[in-house]
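Structure, as structure tokens:
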Number of protein chains: 2
Amino acid sequence: MSNRLDPSLIARLPPFSKLDRDQITTLLEQATSQLYPAETTIFSEGQEAERFFLLLDGHIRVVRLTPGGEQVIALHIPPGQLFGIAQAIGRKTYPAMAVAAEDCIALSWPVNLWQRFCDDFPGFATETYRTVGERMGELHESILAMATKHVEERVACALMRLIQQGGRKDGNAVEISFPVTRQNISDMTGTTLHTVSRLLSAWARDGVVESRRRHIRILDPHRLVLLSGA
Amino acid sequence: MSNRLDPSLIARLPPFSKLDRDQITTLLEQATSQLYPAETTIFSEGQEAERFFLLLDGHIRVVRLTPGGEQVIALHIPPGQLFGIAQAIGRKTYPAMAVAAEDCIALSWPVNLWQRFCDDFPGFATETYRTVGERMGELHESILAMATKHVEERVACALMRLIQQGGRKDGNAVEISFPVTRQNISDMTGTTLHTVSRLLSAWARDGVVESRRRHIRILDPHRLVLLSGA
DNA sequence: CGTGAAGTTTGATATTCCGCAATGAACCCG
DNA sequence: CGGGTTCATTGCGGAATATCAAACTTCACG
């Protein structure tokens, strides 16, 4: 809960990019900064939405649970984005669970500041609604993929989404910059970790990917696109 | 494009329920009213969002198309709700296609009035964001169902969603009040019309449903809930 | 009416993918 | 450095569901 946050941390991020130095300072003074170790649950589905968050570093998994205990990963939040913004969609409770995919640092503010931010900070409201729209687009894409594509294509799509949000380029290859298990990928695509494992093995044989435990590199992104059946 | 619209048409609908008579009148004077015959495409995915809509009567299917020409029904819009509200999610183009599931009547306004509505009409912005939130919730549910449930359960869920939005009660039974084909249901659930047909036949044998061409009645809603694996 | 189009049913066959089971490799921590 | 835990691999059999094919109903419309 440091109150020595550097304005440069957030000055360039879209929701705040139009603000002047003073506004940024005000904003930071009211913020709480916290480290969430990997696999921490930041908030749960249905829980009262008491704060909203800005992810500074790391990646968040947005997860929904079934009554039967299975889990589905609906989205990933990349650094620099707001999350836990139930207020933006007229809710008083969080619509899903947020889990730190790796060690994460996030700022957060109490909900009662939400309206203030929207009113006082030009571009804040607009940008958050754009974010909501983008996430809705991603959900749409997921549904489309689940409804029309075969497992192999869906898994390829999932990998592509992952590298789009957390891809470290390395020559021709791309590595997913945060830890991902086979189980995680199966939770994104509605399959089993077995099937994912088999697919990755096959792709590794063909030189499309390479994978260590919890880490995946795509050696031939182009071939992956083909496999995704775009 | 009548300008003799009765204020009572919309005065009670959530987005406008807090407005006084004069405001409603102003609002209606600026609106265009139009009939969209069944199966009409009201707007297409990617198209410039020039107007936003309020559905007065009928049901809308929100559809996405794959490059391969398959279609997926992501949502249904019931009467009384806004749709085509790309502005609310920071977009300049419609994110999906809207098709009239039956004869529909809708009001629409040019986008340049959107900001005015948000500023001038108390509750309008809030209500639209609530709507966006609800639709996001539905997309989440779809994803959860597609990822974790078997076809039979998914189809049962789809029927339940349909009766929730367009269900005419009739004693113990419920009838879906607008036309639905096997193909439509398969487009909602990511199956084939063949499988849906088989399931409905089986359920009809068990007395759970009854169906004519393009119309489905649920005779035993409780059994359907069980089949949905809630 | 009669004809065609759209929607539905059903069977037979094909295939994908899951579930189960067991082994093996990588990592953490004391 | 050893022991346990988490994560990954692989084979096999079987169930769920798609695909193919054909006949049948219902309806709209001339």
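Side-chain atoms are counted along with the backbone in the values below, which use heavy atoms only and exclude waters and symmetry mates. Chain letters run A, B, ... following the sequence lines, proteins first and then strands; every chain starts at 1.
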If the sugar-phosphate is the primed atoms plus P, OP1 and OP2 and the base is the rest, what is the B/S/- string for nucleotides 13-20 of chain D, using protein heavy atoms under 4.0 Å? ----SSBB

Does the pair B:Arg182 and B:Ser211 meet the rule for a side chain to side chain donor-acceptor pair (under 3.5 Å), with working shown? CA-CA 10 Å; B:Arg182 312 292 187 251; B:Ser211 72; 2.9 Å; yes

Does A:Leu193 reach a base, just sugar-phosphate, or nothing at all? Heavy atoms under 4.0 Å. nothing

Which residues pass the ring pair (Phe, Tyr, Trp, His ring centres under 6.0 Å) test with B:Phe52, sequence neighbours left out? B:Trp109, B:Trp114, B:Phe117

List in numerical order all residues of residues 178-187 of chain B for which some heavy atom is under 4.0 Å away from an atom belonging to DNA chain C. B:Thr181, B:Arg182

Apply side chain to side chain contact (heavy atoms under 4.5 Å, CB included) to B:Glu50 and list each qualifying residue two or more places apart in sequence or on a separate chain. B:Glu48

Sorted by chain and number, sequence neighbours left out, ring pair (Phe, Tyr, Trp, His ring centres under 6.0 Å) with A:His76 holds for A:Phe178

Can you list everything that forms a ring pair (Phe, Tyr, Trp, His ring centres under 6.0 Å) with A:Phe53? Sequence neighbours excluded, please. A:Phe43, A:Phe83

N/O-N/O pairs, protein side and nucleotides 24-26 of chain C side, under 3.5 Å:
| unit_1 | atom_1 | unit_2 | atom_2 | d |
| --- | --- | --- | --- | --- |
| C:dA26 | N3 | A:Arg213 | NH2 | 3.4 |

Measure the shortest side-chain to side-chain distance between A:Leu9 and A:Leu107 over non-hydrogen atoms and say whether it is less than 4.5 angstrom. no

Tell me which pairs pass salt bridge (Lys or Arg N to Asp or Glu O under 4.0 Å) where either residue lies in residues 132-147 of chain B, with sequence neighbours left out. A:Arg64-B:Glu141, B:Arg130-B:Glu134

Under the rule for salt bridge (charged side-chain N to carboxylate O under 4.0 Å, His left out), what residues qualify as partners of B:Arg154, not counting sequence neighbours? none

Degree of bending, the helix from C:dC1-D:dG30 to C:dG30-D:dC1 (end axes from five pairs; round to 10°): 50°

Who pairs with B:Pro79 by side chain to side chain contact (heavy atoms under 4.5 Å, CB included), at least two apart in sequence or on another chain? B:His59

Hey, can you pull the residues of residues 202-212 of chain A with a non-hydrogen atom under 4.0 angstrom from DNA chain C? none

